[in-house]
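When reading the values below, keep in mind they use all heavy atoms of this one structure, side chains included, and skip hydrogens, waters and symmetry mates. It should be emphasised that the depicted structure is a prediction, and the values quoted were computed from it without experimental measurement.
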Amino acid sequence: MITITNETLCPDAITDSVKSDSNGAVVTFLGSTRDSTAARKVQYLEYEAYRPMADNQLARIIDEIRERWGISHVAIAHRLGRIEIGDLSLVVAIASPHRKEAFEASAYAIDRIKQIVPIWKKEFFEGGEVWVGSQEDEVAKQADAVAASG
């Protein structure tokens, strides 16, 4: 199951979608918005995506998990739009017969989402805004580090 939406994510429904009698383990990862990054106080985030490619890349990740661990019960849901502090932006639920594979596949999915899925995060903080991972973001983080060191 792949979901990319502007609506609030419901982790219980996403987790339930991967459960089956053949699985003894279900791992659910919840990515939530924290109130700070580096020395910046975050006010909220906004996510944008290139939808056709994002859908294809999430399907690719699910295929990779199926090939690598033999797991077919995978659900990935990502929010778009404005995300408030404490709100969920990502839910990954994976069920497998044994816990080791479910944990490994979950970590793999999260890393791959950051690597290959065209979903971008813009951070709004006190005094500015920046696309996370951009050159502008790196300059701002370095300035924050210098200011924090005195």
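A salt bridge does not link Arg40 to Glu126: none of the charged nitrogens lies less than 4.0 Å from a carboxylate oxygen. A salt bridge is absent between Arg60 and Asp63: the closest approach of a Lys/Arg side-chain nitrogen to an acidic carboxylate oxygen does not fall below 4.0 angstrom.
Judged by distance alone, with hydrogens and angles left aside, the side-chain atoms of Asp55 form no donor-acceptor pair with the main-chain N or O of Pro52 at under 3.5 Å.
Inter-residue side-chain proximity for Ile76 and Met1 is flagged as unmet; no heavy-atom pair is nearer than 4.5 Å. Val117 has its side chain out of reach of Met53: every pair of non-hydrogen atoms, C-beta onward, lies at least 4.5 Å apart. Under the 4.5 Å side-chain criterion, counting only non-hydrogen atoms from C-beta, Val91 is not in contact with Phe29. Side chains of Ile113 and Leu90 form a contact here, defined as non-hydrogen atoms less than 4.5 Å apart.
With rounding to the nearest 0.5 angstrom, the OG atom of Ser36 is 12.5 Å from the CD atom of Gln43. The NE2 atom of His73 sits 12.0 Å away from atom CD1 of Ile62, with the distance rounded to the nearest 0.5 Å. Here the CD1 atom belonging to Ile71 is positioned 10.5 Å from the NE2 atom belonging to His98, to the nearest 0.5 angstrom. Note that CG of Asp12 is 8.5 Å distant from OG1 of Thr28, once rounded to the nearest 0.5 Å. Rounding to the nearest 0.5 angstrom, the gap separating the CG atom in Leu9 from the OG atom in Ser89 is 7.5 Å. Atom NZ of Lys121 sits about 5.0 Å away from atom NZ of Lys114, to the nearest 0.5 Å.
Between Asn23 and Ser20, the side chains place a donor N or O and an acceptor N or O closer than 3.5 Å (distance only, hydrogens not considered). Side-chain N/O atoms of Glu64 and Tyr108 include a donor and acceptor closer than 3.5 Å.
Taken together through direct or relayed side-chain contacts under 4.5 Å among Ile, Leu, Val, Met, Phe, Trp and Tyr, Leu30 and Ile110 form parts of separate hydrophobic clusters. The hydrophobic clustering, which links ILVMFWY residues whose side-chain heavy atoms are closer than 4.5 Å, places Tyr44 and Val130 apart. Under the 4.5 Å side-chain contact rule for hydrophobic residues, Trp69 and Phe103 do not share a cluster. Clustering ILVMFWY residues whenever any of their side-chain heavy atoms sit less than 4.5 angstrom apart, transitively, puts Ile4 in a cluster other than the one holding Val18. The cluster map of Ile, Leu, Val, Met, Phe, Trp and Tyr, joined by side-chain heavy atoms under 4.5 Å apart, puts Val42 and Ile83 in the same cluster.
Taking each heavy atom of Arg34 and Ile85 in turn, the nearest pair found is O-CD1, 3.4 Å. The two residues Asn6 and Gly81 make their nearest non-hydrogen contact at OD1-N, 3.6 Å. Of all non-hydrogen atoms in Ser32 and Leu88, the two that sit nearest each other are CB-CD2, 3.9 Å. Of all non-hydrogen atoms in Glu129 and Phe124, the two that sit nearest each other are OE1-CE2, 3.1 Å. Across all non-hydrogen atoms, the minimal contact from Ile119 to Tyr47 is CG2-CD2, 3.8 Å. When all heavy atoms of Ala93 and Thr15 are compared, the pair lying nearest together is CB-CA, 3.9 Å.
Applying the 6.0 Å contact sphere to CZ of Arg99 captures no more than 12 heavy atoms from other residues, nucleotides or ligands. The environment of Glu7 atom CD is sparse: at most 12 non-hydrogen atoms of other residues, nucleotides or ligands sit within 6.0 angstrom.
Here the two rings, on Tyr50 and Trp120, have centers that are 6.0 Å apart or farther.
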